[in-house]
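Source: prediction; values computed, not measured.
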2 protein chains.
Amino acid sequence: MIASELLEKYGALKKSFEKGEIIFEEGNLPTHYYQIISGEIKMSNYNDDGREFIQGIFYKEQSFGEPPLFLNQKYPANSIAVEDSKILLLPKSNFMKMLEENASISIKIIETLAQRLYYKSVMAAEISTHEPEHRVLKLIDHGIAYFNFKKDQNGFLINFTRQQIGDLTGLRVETVIRAIKTLEKKGELKIINRKVYR
Amino acid sequence: MIASELLEKYGALKKSFEKGEIIFEEGNLPTHYYQIISGEIKMSNYNDDGREFIQGIFYKEQSFGEPPLFLNQKYPANSIAVEDSKILLLPKSNFMKMLEENASISIKIIETLAQRLYYKSVMAAEISTHEPEHRVLKLIDHGIAYFNFKKDQNGFLINFTRQQIGDLTGLRVETVIRAIKTLEKKGELKIINRKVYR
DNA sequence: CTCGTTTTATGATTAAAATCATAAAACCGA
DNA sequence: TCGGTTTTATGATTTTAATCATAAAACGAG
């Protein structure tokens, strides 16, 4: 997260996106740095028969879509507003200027990318070598650390739908539903009127 | 890749690793920055029943294992020498000092991490939503761009074993062998005495 | 050059998750 | 508050890649 005053100093503009609105599309070249003011954004891919894979979900104060910006490569995924959202957009050239003139920003970005790479490494190994229950639990435990799950008297409320969990772990909804039920029976999770707690 | 003179100026030391030797292990805290002088290194995970998932393969002049260094987190995977290798090791504190004193290094690192994140994003979507043939082909095409595949009169020689391709795509050897055969029949690849060309 | 290991290969069988079908409950917008 | 959509749920069936079995070819260390 970069201070919004600094971003605005370099010419960042606020823009609103409605729920379901596309921010950028797979295959396009990057033009801006994006940082969320409020709302929720997902980055995802769709395969030929419409099946979705969610690369990540981002919340307020987080940025997204930086890698292609540094590489002059096309976006490998789409970004869509999951909720009505407000986003700060800083044009690429201004962003680069800001980087040059503010060395400490680089460290921040390195940490952000390192964090995301860490998540991807863990989930990649999970997805390709573990069974559904293990995958779901790993995603949830990661979520507690990095997504904005809130704790109440029942534990952490996992505010993802079964479908979202499926799209993040490469599983189908029915499989996720069954995995969650099994995990509840094993005592790893709680299900309180359909909501999942850990 | 950071100039080896610079690394040595900050106290980096050369170290040799034999084929099969472990450089660092999953779960350990990072102590050094690693940059390959010669040889080949893989980073991988093993699940409970010994199944391997290769996070990445790295060659001369490439660095590896940086993310946990920036996050003070445990390594999410092991790193092992695939061939006899020579590596430059720079202790963490010296590495951080080097970063502070050389702003341009940060940009290099950002680009490296962005590149790796790009690969992980593409492969994550592949692994979770596409059929074996698609996955294998995507890995190969990525390899042409980023691993050191060499071109000769038959095209690019894919110098990965079927097992390695399996461990990089989350497939079993037999499945990879069959996928490669099918891709050859479709004219996407050539197999010339067991070697794969694209 | 030889012997053990690794790699590639192929066929048969199995297991596990995807798919298909259906429905109740919950949520949301008009 | 009504009606449509989304989410959760469950059972039956199918498909696909994993698994199991076996072997030839190639490679590599001594």
Give one of base, sugar-phosphate or nothing for R162(A), where a contact means two heavy atoms less than 4.0 Å apart.
-> sugar-phosphate

I87(A) CD1 to L13(A) CG distance, which is reported to the nearest 0.5 Å | 13.0 Å

Name the residue closer to the 5' end of DNA chain C, choosing between N193(A) and R135(A) according to the nucleotide with the nearest heavy atom.
-> R135(A)

Under a 4.5 Å side-chain heavy-atom rule over Ile, Leu, Val, Met, Phe, Trp and Tyr, are L6(B) and I109(B) clustered together?
-> yes

Would you check if E52(B) and K42(B) make a side-chain contact, meaning some heavy-atom pair closer than 4.5 Å?
-> yes

Can you hop from F64(A) to L90(A) via hydrophobic side chains spaced under 4.5 Å?
-> no

Would you mind classifying the nucleic acid contact of G170(A) as base, sugar-phosphate or nothing, using non-hydrogen atoms under 4.0 angstrom?
-> sugar-phosphate

May I have the distance from L171(A) (atom CG) to dA17(D) (atom C1'), rounded to whole angstrom?
-> 15 Å

Non-hydrogen side-chain atoms of S16(A) and D84(A) separated by less than 4.5 Å | no

Under the 3.5 angstrom rule, does the side chain of K120(A) hit a backbone N or O of Q55(A) as a donor-acceptor pair?
-> yes

Test F24(B) against Y34(B) for ring-ring contact (aromatic ring centres under 6.0 Å, His included), laying out the working first.
-> CA-CA 10 Å; F24(B) 57 72; Y34(B) 299 91; 5.4 Å; yes

Take the protein atom NZ of K19(B) and the nucleotide atom P of dC27(D), then report the distance between them rounded to whole Å.
-> 13 Å

Of all nucleotides in DNA chain C with an atom under 4.0 Å from a non-hydrogen atom of chain B, which is the first and which the last going 5' to 3'?
-> dT7(C) to dA12(C)

Near DNA chain C, under 4.0 Å by heavy atom, which residues of residues 47-56 of chain B?
-> none

Could you give the CG-to-C1' distance, from N159(B) to dC27(D), as a whole number of Å?
-> 16 Å

Is R198(B) salt-bridged to E188(B), going by a charged N under 4.0 Å from an acidic O?
-> yes

